[in-house]
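Report on the following structure.
From a predicted model like this one, the values you see are computed outputs, not experimental measurements. Because only heavy atoms are used, hydrogens play no part in the values below, and waters and symmetry mates are left out as well, while side chains stay in. In the text below, chain A, chain B and the rest are named by the order of the sequence lines, each starting its count at 1.
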Amino acid sequence: MIPAPVGYIRVDSTEAALAALGEHGDEAKILAGGQSLIPLMRFRLAAPSMLVDIAGITELSGISVVGDTVSIGAMTTHSALEHSGELAEACPLLAHVASVVGDPAIRHRGTLGGSLAHADPASDLPAAVLALGGTLVASGSNGSREIAATEFFTGFLESALGADEMLTGIKVPVSTGGWSYQKFNRRAQDWAIVGAMVAEGGAGVALVNMGATPLRASAVESALAGGASSVEAAASAAEGTEPSSDNNGDAAYRKHLAQVLTGRALRDAGME
Amino acid sequence: MTVTDNPTGGIIGQARLRKEDPALLTGEAKFMDDLVLPGALWVNCVRSPHAHATIDNIDTTAALAVEGVTAVYTGADLAEDWAGPLPCAWPVTDDMKSPDYWPVAQGKVCHVGDIVAVVVADSRYVAADGAEGVVVDYSLLPAVISIEDAESDQVVIHEGLGTNVSYEWPLIPDPEGVEAAFANATHHVTETYVHQRLIPAPMEPRGVAAVPAPHNGDMILYSSTQIPHILKVMAALTVGIPEHKMRVIAPAVGGGFGCKLGVYPEEILCLALAVRHGVPVRWTEGRTEAATATIQGRAQRQTIELAADENGKLLAVRATLLADMGAYFQLITPGVPLLGAFLFHGLYDVPLYSFTCKSVFTNLTPTDAYRGAGRPEATYAIERAMDVLALAVGVEPDEIRSLNFIPTEKFPYDSPAGLVFDSGDYQPALDRAKELINWEERRAEQAERQAAGSKMHLGLGISTYVEMCGLAPSRVLASLNYGAGGWESATVRILPTCKIQVVTGATPHGQGHETAWSMIVADRLGVDPDDVEVLHSDTAISPLGLDTYGSRSLSVGGTAIWMATERVVEKASLIAAHMLEANADDLELTNGVFNVKGTPGAEVPLAEVAFAAFTAHDLPEGLEPNLQAEVTWDPPNFTFPFGAHIALVEIDEETGEVEIIDYAAVDDCGNQVNPMIVEGQVHGGIVQGIGQALWEEAIYDEDGQCRSTNLGDYLVPSAAETIDMKLDYTVTPSPTNPLGVKGIGEAGTIASTPAVMNAVVDALRHLGVTEMAMPASPMRVRRSIENAQGGAV
Ligand SMILES: Cc1cc2nc3c(=O)[nH]c(=O)nc-3n(C[C@H](O)[C@H](O)[C@H](O)COP(=O)(O)OP(=O)(O)OC[C@H]3O[C@@H](n4cnc5c(N)ncnc54)[C@H](O)[C@@H]3O)c2cc1C
């Protein structure tokens with residue numbers, strides 16, 4: 001497929017990126033790893049007139065652990081998350097989830113910020129940040145603000161980010177309690193048909209591809225908090241969800257999978 | 001014909017690395033889109049978004065306004081450019097109904113992807129922008145999507161034909177006998193299977209460039225095609241370019257699997273537009289475009305019936321097909337089901353046989369040959385039905401097969417469908433496959449799991465197969481109404497410095513002909529295979545040929561190479577005899593040296609003979625200079641490879657996921673020239689067949705929209721889904737050709753689909769699941785379990 005004509009600028013600072021966004025308004029799109037945006041452009045489902053490439057902003061890449069908080073730059077690639085020893089210790093769930101995104105080529109280009117900003121309910125990393133109770137850091141013309149992951153995903157491919165804002169970083173708490181990610185797909189490189197994520201011994205349970213946004217499985221969380229077993233809690237995994245239907249699964253099958261996978265994730269995370 | 005059991009100077013039979021691979025792996029090989037053609041115009045095809053509609057108006061104003069757009073043409077604009085419609089080379093019956101298929105639709109569109117206009121521009125990107133500006137008004141017509149709807153004729157797609165039914169093709173040598181056999185049978189199995197449409201997905205989609213030489217009327221057509229020779233003839237006829245002015249070149253071709261075995265609208269369009277504009281005109285297919293613009297495979301509904309006595313011995317096999325041709329005929333569309341027509345009794349000794357195929361048009365992309373073409377379909381039907389028969393008789397699936405195998409002493413075997421199977425020895429392959437998979441232990445493990453109430457179910461599935469390949473004896477093709485012969489041509493030329501040039505008409509697109517052909521020549525001449533260069537894929541270099549498909553290359557083209565080599569050796573030995581003052585009959589050629597048998601020291605190297613042939617200073621009286629021979633070989637029969645494959649699957653009852661955990665394949669393709677190439681073909685073939693069983697499906701909605709047009713939605717298995725396979729071989733040489741070879745290009749694809757599906761059903765039978773459609777996706781498997789258990793479980 002051939003994309004429509006598009007302009008391109010490459011910036012080396014957040015300020016320059018914001019200035020470019022300000023100048024071109026909603027005609028402009030930030031280009032991070034390009035693994036979601038470029039396919040959309042090639043299908044001509046997206047036709048921005050200006051791409052603002054932020055790959056040159058070096059300070060947006062990196063992982064640091066200070067106290068109880070893991071801070072990750074928006075441009076940190078999935079591959080960097082996957083291979084970071086520090087992250088494997090401080091937040092093994094996130095490192096693992098990064099390792100099951102797409103295939104190696106995609107993980108080398110795709111970024112955590114891009115994945116979150118894209119807000120695809122079928123993507124793995126948004127649900128992980130949600131399950132972990134993470135926070136997103138955004139910069140805009142009016143300075144920077146923090147958005148709780150629970151407030152960030154507002155609709156299908158929609159987020160709380162303003163048109164003049166960009167993500168600069170993500171914070172998740174250090175989390176070494178029982179965790180699991182059960183990703184169900186038909187081929188290794190595919191998106192999840194359904195995924196179930198358990199963080200911090202069940203304190204956070206999130207679902208992939210069970211609705212218009214990544215979801216917290218709140219019924220499961222409260223059942224667990226109330227002392228339910230993993231089997232009992234998993235039975236409520238599909239409660240309140242409205243999953244879509246596609247070639248790989250209709251809504252009923254997805255709901256069924258959500259229960260099965262949540263049960264497996266809870267047991268894998270060490271819960272009875 | 002004598003079979004050379006050991007044709008060998010020690011090179012045939014070696015697992016040599018492929019000489020093609022360094023260029024392919026380093027990116028040095030040039031594919032279609034690597035061609036640099038200064039001044040070329042690019043074509044973008046505006047395609048129908050509707051499956052069935054009349055074209056009311058086409059407004060090209062906005063497209064023409066895009067800077068860089070040179071021209072926009074509709075079907076009406078180009079109607080005078082064609083000498084005829086796109087060719088179908090296989091009118092299987094005299095009264096076959098065949099719609100006109102024009103490169104650009106005229107008046108109406110018949111499938112999503114049908115071309116309605118072409119934009120010609122000075123770059124590929126501008127052509128795509130221009131296409132956005134072409135506005136087409138359509139009036140929608142009801143779309144005919146299912147084979148059953150097509151057969152009903154409630155909506156007739158090609159009004160001029162009066163029906164959607166193209167032809168009916170029966171092969172029933174003894175109708176009363178078949179009836180009687182079914183009337184007297186103890187067991188009468190009736191099964192219906194559907195072969196979903198498959199989208200071929202070679203790594204390189206198609207691409208075309210037509211390069212004219214306006215001053216003298218020459219035309220070079222570059223195409224990512226399997227069939228430059230056939231394309232040259234057909235394209236010349238369709239566009240009206242004299243054949244001697246046409247040269248077709250297939251550059252490095254990134255796979256085909258049958259989908260580049262056509263004469264496509266885009267090839268004809270680029271030619272016609274190059275004539276019009278007098279400059280090169282090119283087109284490169286996009287992956288999503290390919291999903292509906294390139295032919296699709298399989299697409300048939302089969303009913304197979306088996307009549308058997310109380311022990312399960314087959315008395316008769318009856319197959320009835322309804323085949324989906326798609327909207328038009330591509331080059332051999334109507335003939336594809338007939339390539340399986342003779343094989344619905346598999347490798348079983350059956351006295352009575354009945355086959356009927358009815359073919360219909362639908363508002364979907366045309367179908368055509370796809371790896372195996374007809375034989376996977378036939379093998380699937382008989383192999384799945386044999387499992388059902390085994391169950392009815394109460395024996396194991398291997399037992400029902402062994403009971404019915406054509407006995408080894410019956411070869412050459414006169415098949416009930418009228419073929420002569422060249423050679424076969426079926427039981428050893430099955431025995432070995434069972435050994436490799438640990439049949440007895442796996443059965444025990446399966447029973448243990450069932451007894452323990454495990455939700456991870458094991459299933460074993462066997463597929464034993466025979467196929468017919470080596471297309472083909474020209475006389476047989478004539479009897480099937482095919483529009484060409486089945487011979488292949490070869491030239492072997494020893495150059496003055498004793499390097500060898502070989503020209504083949506079998507056009508490779510990934511198979512490894514260069515390696516195999518040079519091994520055949522080197523084996524006979526006693527030279528290094530690296531001193532043999534194989535030329536191909538350009539009709540100016542290799543003017544005669546019938547190209548590569550149907551696992552024909554080695555048994556037909558390779559045999560031609562062998563024979564041409566023999567002929568060169570004969571001539572060289574006359575010169576050598578002259579040089580040695582000996583009798584040519586007393587000479588033998590070993591390790592590149594002619595020597596007089598029984599006279600040590602009386603010898604002359606082939607290299608000296610080659611140089612003498614070149615200088616021609618002192619040749620035997622009447623002998624022409626140079627060492628060169630050309631052979632065209634028309635095989636006397638097909639070849640019949642066979643084998644036994646067994647799949648072991650594990651099914652997760654809760655999710656419905658099927659995982660193949662072990663796979664054993666024992667294939668017999670006769671003598672092997674290069675076992676490494678054989679292994680590669682078997683690997684790829686098996687995975688492709690598993691793709692049909694578990695993943696691949698062109699999914700269409702009721703409006704005829706394809707819902708699987710990219711590689712995220714059309715699930716081609718990747719390396720990560722592939723398993724370690726246990727491969728072995730038996731060797732039963734073919735008596736059809738002097739190399740004793742059969743063919744291995746499609747065997748894996750033919751065998752693996754039913755092996756996996758039989759395993760899936762075997763795993764779930766104790767839960768009450770008795771049938772499973774393809775692909776056995778997790779949702780489908782899960783639903784089948786739920787339905788068998790009477791609702792959600
Ligand atoms: C074949 C394939 C398979 C894939 N499989 C998976 C999978 O299994 N699981 C999965 O989770 N993902 C998968 N992905 C998606 C992949 O993870 C993407 O990399 C990711 O979703 C987007 O990240 P990116 O850096 O490539 O963003 P881009 O594609 O560059 O951008 C995506 C969107 O986010 C915006 N954006 C990017 N960065 C910022 C920022 N810092 N601030 C504001 N907006 C920003 C862009 O403007 C754009 O709208 C797959 C992709 C492909 C092509």
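Distance check, rounded to the nearest 0.5 Å: CG of A:Asn247 to CD1 of B:Ile699 gives 3.5 Å. Rounding to the nearest 0.5 Å places CG of A:Asp246 at 11.5 Å from CZ of B:Arg707.
Only the side chain of A:Phe184 comes within less than 4.5 Å of a heavy atom in chain B; its backbone stays farther off. Neither the backbone nor the side chain of A:Arg254 comes within contact range of chain B; no heavy atoms are under 4.5 Å apart. When heavy atoms are compared at a cutoff of 4.5 Å, B:Asn710 approaches chain A solely by way of its side chain, counted from C-beta outward. Residue B:Arg783 touches chain A through its side chain alone, counting heavy-atom pairs closer than 4.5 Å. Heavy atoms closer than 4.5 Å to chain B are found nowhere in A:Asp103, neither backbone nor side chain. With a threshold of 4.5 angstrom between heavy atoms, B:Glu132 approaches chain A through side-chain atoms but not through N, CA, C or O. Using a 4.5 Å cut-off between heavy atoms, A:Pro39 makes no contact with chain B at all. Using a 4.5 Å cut-off between heavy atoms, B:Leu715 touches chain A through backbone and side chain atoms alike. Heavy atoms of B:Glu721 lying under 4.5 Å from chain A belong exclusively to its side chain. Contact annotation for B:Asp701: neither backbone nor side-chain heavy atoms come within less than 4.5 Å of a heavy atom of chain A.
Highest contact tally toward chain A, considering only B:Val716, B:Val126, B:Leu694, is held by B:Val716 [criterion: heavy-atom pairs under 4.5 Å]. The greatest number of non-hydrogen atom pairs below 4.5 Å with chain B, out of A:Val260, A:Asp250, A:Asn248, is found for A:Asp250. Per-residue counts of heavy-atom pairs under 4.5 Å with chain B were compared for A:Arg42, A:Arg264, A:Gln189, A:Arg44; the largest is that of A:Arg44.
Smallest separation of non-hydrogen atoms from A:Ala4 and B:Asp129: CA-OD1, 4.3 Å. Considering every non-hydrogen atom in both B:Thr288 and A:Phe43, the closest pair reads OG1-CE2, 3.3 Å. Shortest non-hydrogen contact noted between A:Tyr253 and B:Thr655 is OH-O, 2.6 Å.
A:His256 contributes a side-chain N or O that, together with a main-chain N or O of B:Glu654, makes up a donor-acceptor pair within less than 3.5 Å. Within the 3.5 Å criterion, the main-chain N or O of A:Arg186 finds no donor-acceptor partner in the side chain of B:Glu657.
Within a 6.0 Å radius of CZ in A:Arg187, more than 12 heavy atoms belonging to other residues, nucleotides or ligands are found.
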